[in-house]
Amino acid sequence: MQTGLIGAASLCMLGAASLAAELPPPLPAEHLTVEKLAPKNPHWVYVLDEAFFNEIDSRVYLFDGDSYRQLGQIDAGFNPGINLSPDGSTMAVGTTYFARGAHGARTDVVEFIDNSNLAVSGEIVLPPKRANTLPTYFNLAYSADGRFLYVAYVTPASSFGVLDPAKKSVLSEIDTAGCVLVIPSGPNRVSSLCENGRMLTVTLNADGHEGSRSLSEPFFDPDSDPVFVQGVPSNDGYVFLSFLGQVHEVDTSGVHPAFRQPWSIVTPAERDKEHWRPGGQTPLALQRSLGRLYVPMHRGGEGSHKDGGTEIWVFDVKTHQRLARWPMAPLKLGPAIAVQVSQDAAPLMFVATDKADVGVFDALSGHLKQVEKQQLGQTPWFFLNP
Amino acid sequence: MQTGLIGAASLCMLGAASLAAELPPPLPAEHLTVEKLAPKNPHWVYVLDEAFFNEIDSRVYLFDGDSYRQLGQIDAGFNPGINLSPDGSTMAVGTTYFARGAHGARTDVVEFIDNSNLAVSGEIVLPPKRANTLPTYFNLAYSADGRFLYVAYVTPASSFGVLDPAKKSVLSEIDTAGCVLVIPSGPNRVSSLCENGRMLTVTLNADGHEGSRSLSEPFFDPDSDPVFVQGVPSNDGYVFLSFLGQVHEVDTSGVHPAFRQPWSIVTPAERDKEHWRPGGQTPLALQRSLGRLYVPMHRGGEGSHKDGGTEIWVFDVKTHQRLARWPMAPLKLGPAIAVQVSQDAAPLMFVATDKADVGVFDALSGHLKQVEKQQLGQTPWFFLNP
Amino acid sequence: MRSIDRLLERSSRSLAQRTSRRSVLAGLGRLLTGAALLPLLPIDRSSSAQAAESGTHKSAVDDPQNCEYWKYCAIDGFLCSCCGGSSHSCPPGTAPSPITWIGTCRNPADGRDYIVSYNDCCGKASCGNCECNRNEREKPMYRLSRNNDINWCMANTDSNYHCSVSVILGVSEQQ
Amino acid sequence: MRSIDRLLERSSRSLAQRTSRRSVLAGLGRLLTGAALLPLLPIDRSSSAQAAESGTHKSAVDDPQNCEYWKYCAIDGFLCSCCGGSSHSCPPGTAPSPITWIGTCRNPADGRDYIVSYNDCCGKASCGNCECNRNEREKPMYRLSRNNDINWCMANTDSNYHCSVSVILGVSEQQ
């Protein structure tokens, strides 16, 4: 169509040139191009829209926390899990498609996205066992060296798949009965959270099959004070948070996970009298270089652990001191259901609310810099740093 | 899981019986069943949600205009066309799916829905030519006897497919260069609207291939006053409406379409001074037994033909008299972008607004009976009577 | 398109104390994968239940189309009552999940705690109406049989999630 | 989930008087199916155009992220400027449609009418941002080359519609 108009358009240019000699020069013709992404910026963030009301159409938006512009979109299918390769160059999207939209033959697959152009660069088809659940860091995850990609399975029997992202193949399936999710450490260790509060760690051999496994002592009480599965990466492992505000730091740098003494983000009075609780879909974020923990907090009781935070509380993970309380209501923001913080020296905090607004904050001062009003999907529930 | 609990649950029943002798009898256990649809009711309506913001997840809601309840849902894929078999027992959904959600291998298909249980009863895979456009009565349509199903193709070359819904096969493709859509009449005639204002009519032979074709004289001027493609069925054919409010009634009961003298729904003053125009996604509905035409009207100029109606105007198609003007604003409703009327003796009018609200009206008095506030999808743009 | 305020109500699923251990669930899951729907305790629907379903004005705790309905104390998702089903029936053309999770809800009408099973109805796209999320005693995914973030249609032939129901199994012995 | 009021603005696509006849379009359509993107008139982007793309405060008619932007007088769909592209570039990972429709829009800055081509960007799900529908001289589907209700990604390898752009081809001779 365009090329078909070259003749006509050229004539038009001539016609205009002669007729409009007294006018300022006309705007030149434009090229239709495909936008190229700039080199990645620590203030970019991947926003996963679960699209709960049209759940087969989940997507990931790449959003720039400096320009407040959407840079692109990655389609993510149904009930996706996402994670990044160690070098950040590739996004792995673990998802499920149906041959006829929301019905027909089911295909579980990991699609690989080239983050330099947001194009699909390949895929690995999975057995139809992928855990269909909400996003965490642990639905699928790469080994530290990027050699393996682990995918959590639930049928409801639990296991995980070991994939070779280079050869685009499935290497093995490893049973984890009683334990779920894939928490990676080192080049070949995969930990899972168990129903009895223990951590299962499977060490793989060179071909991605099980070499050995070990079960830790219980590090939390799943009955009295369970931890959220939404743990976040720390400098030497992961930080987990409990429903009642206990912080469980796990060092996974060794062969066996080491659990530091838990500490609480709430005083006994805050917990038992004021009933302050963490909550949401993504109820914590960690700024690793500053050692600051950001937690959406609300007042509620049993069953309120997915309620959004009416305030964001900020903690120093070394001193365990609370550094700030940032209420949402004065900012005209609804309760915070998901939080993330950038890992650079001038960090931004991203907060998604129960109204699907996304606030961009100065993570040091708590200053609200921008609100994206329902522009990042129906249900933005998870953020990944680039 | 349920069955696994029979033992425990039974014990519980006994326990309760003994412990709670003084209480009123407990509620009995319930069956988990699948709801059965009542026999179809003329006040039911199929509401097509184009789901424009998540367009691969279009769907059709079956809504009861008496109880104001949603009775069920039919998945409709991407850019669907829908229509009903002559006996109303089957909905044909012509749509497009992709192997990976919004990307991957394209499959154009007609899916057949058993309207008694809203289950998919079969499908016919099409060549990847199905017209991806907005819904009308003419994207796909059955022959009067239900023997053939016609599907409009645009690649952008235009043609249509002839399908055998009984044998679930594609019988033929018939070229209609310069003319689009499938307007059925009789057991084997298919008409299309042409760029020059004519109507092409192809008559099929017994095996669904082209027998003959004829081209009508122009019945409207596509340059000065084009007709909306959203024509509606009448007692002996179809009614089309033009951008400037001319009504074109076409009798398709004979071998060749017969065009009645056009008439106008606006006076010269209304058209030229007040600039009243019909408009919307579905800008007219016809109550065939009463001979009443319902048109969303707005004030606007060139390019406003898809603007919603600030009023619904009602006309008698025999006398050409306007019977009523029903403004939307006093009812707290946005402009009307789609309209339908039931075909029974106590007809309901369904109106979708630009805010995705759906109003249920008494089609005789204009009394607003119910408003479904954004409960029938993102973008409800087309209604079908059951 | 629905407004956030209408749709994003508080959200998730809780479970009764006595649900079977996860490993048992896993076993049952394998056993029941693709199993046809088996009535659990074949007793007719009570007239009171039918009355509750009949719509019209009622208080929130008695209205199966309201998130506050007493049987929904631990439901998560779209209420099938708003999708063509009822509080304990799936909409036409969908299939109940053979695997599920169990909750305990108190009926204010008789003060009893009832064991209810929360099943997902499967095989059509998200219903999108009456989104409801209540979380009493809900546990994270490592207590799978108490977790509601998982798609309980996972073992269905058509495993897409459409909506959720709450079915009375019996009275809890904890009185 | 976006609110209706933000999203459902007025909507559709108009076309210039001189667009080629449909049959020609059909021929080109066949010819160009799957064709790579060919720059139409290979002239560099003007600095003014770049300034216009640079965002920040500007009036609606000068703002490529606003539905009122002068070049959009006949656009329909999601503005690629709000989706990772610009008024004349597709977002990363999408493909421009080789077939398209043509409009004529007046630039208030110089009073000239410009011929613009409206291309769809294809291969990802609906962007969903900045829905915009303007309909001057748009015609129904039987005037396909002037119609905007059709998915102009129809001939792309990945034919799902993502967003729309408006590309200056030249000055209209109608002054």
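The shown structure was predicted, so the numbers you read here are calculated from the model rather than taken from an experiment. Throughout, a chain's letter reflects where its sequence line sits, starting with A, and its residues are numbered from 1.
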Who among G93(C), C82(C), A125(C) has the most heavy-atom pairs with chain B under 4.5 Å? A125(C)
For atom NZ of K332(B), is the number of surrounding heavy atoms from other residues, nucleotides or ligands below 6.0 Å larger than 12? no
For the residue pair P91(C) and E35(B), establish whether any side-chain heavy-atom pair is separated by less than 4.5 Å. no
Tell me the residues of residues 102-115 of chain B whose non-hydrogen atoms fall below 4.5 Å from those of chain C, in number order. none
With chain C as the partner, which of D57(B), L37(B), D75(B) has the greatest number of non-hydrogen pairs under 4.5 Å? D75(B)
What's the shortest heavy-atom distance between L27(B) and W70(C), and which atoms? CD1-CZ2, 3.7 Å
Would you name the heavy atoms of N119(C) and L32(B) that are closest together and state the gap between them? CG-CD2, 3.3 Å
Backbone N/O of C83(C) and side chain of Q73(B): donor-acceptor pair under 3.5 Å: no
Which atom pair, heavy atoms only, marks the closest approach of L118(B) to K124(C)? O-NZ, 2.8 Å
Going by heavy atoms in the side chains, are P92(C) and L71(B) under 4.5 Å from each other? no
Taking ring-ring contact (aromatic ring centres under 6.0 Å, His included) as the definition, give me every residue that meets it alongside F383(B), ordered by chain and number, with sequence neighbours left out. none
Counting only heavy atoms closer than 4.5 Å, note whether N117(B) contacts chain C via side chain, backbone, both or neither. backbone
Donor-acceptor pair, side chain of R59(B) and main chain of S126(C), under 3.5 angstrom: yes
Smallest heavy-atom separation, V34(B) atom then P96(C) atom, equals CG2-CD, 3.8 Å
Are any side-chain N or O atoms of E30(B) and backbone N or O atoms of I168(C), one a donor and one an acceptor, separated by less than 3.5 Å? yes
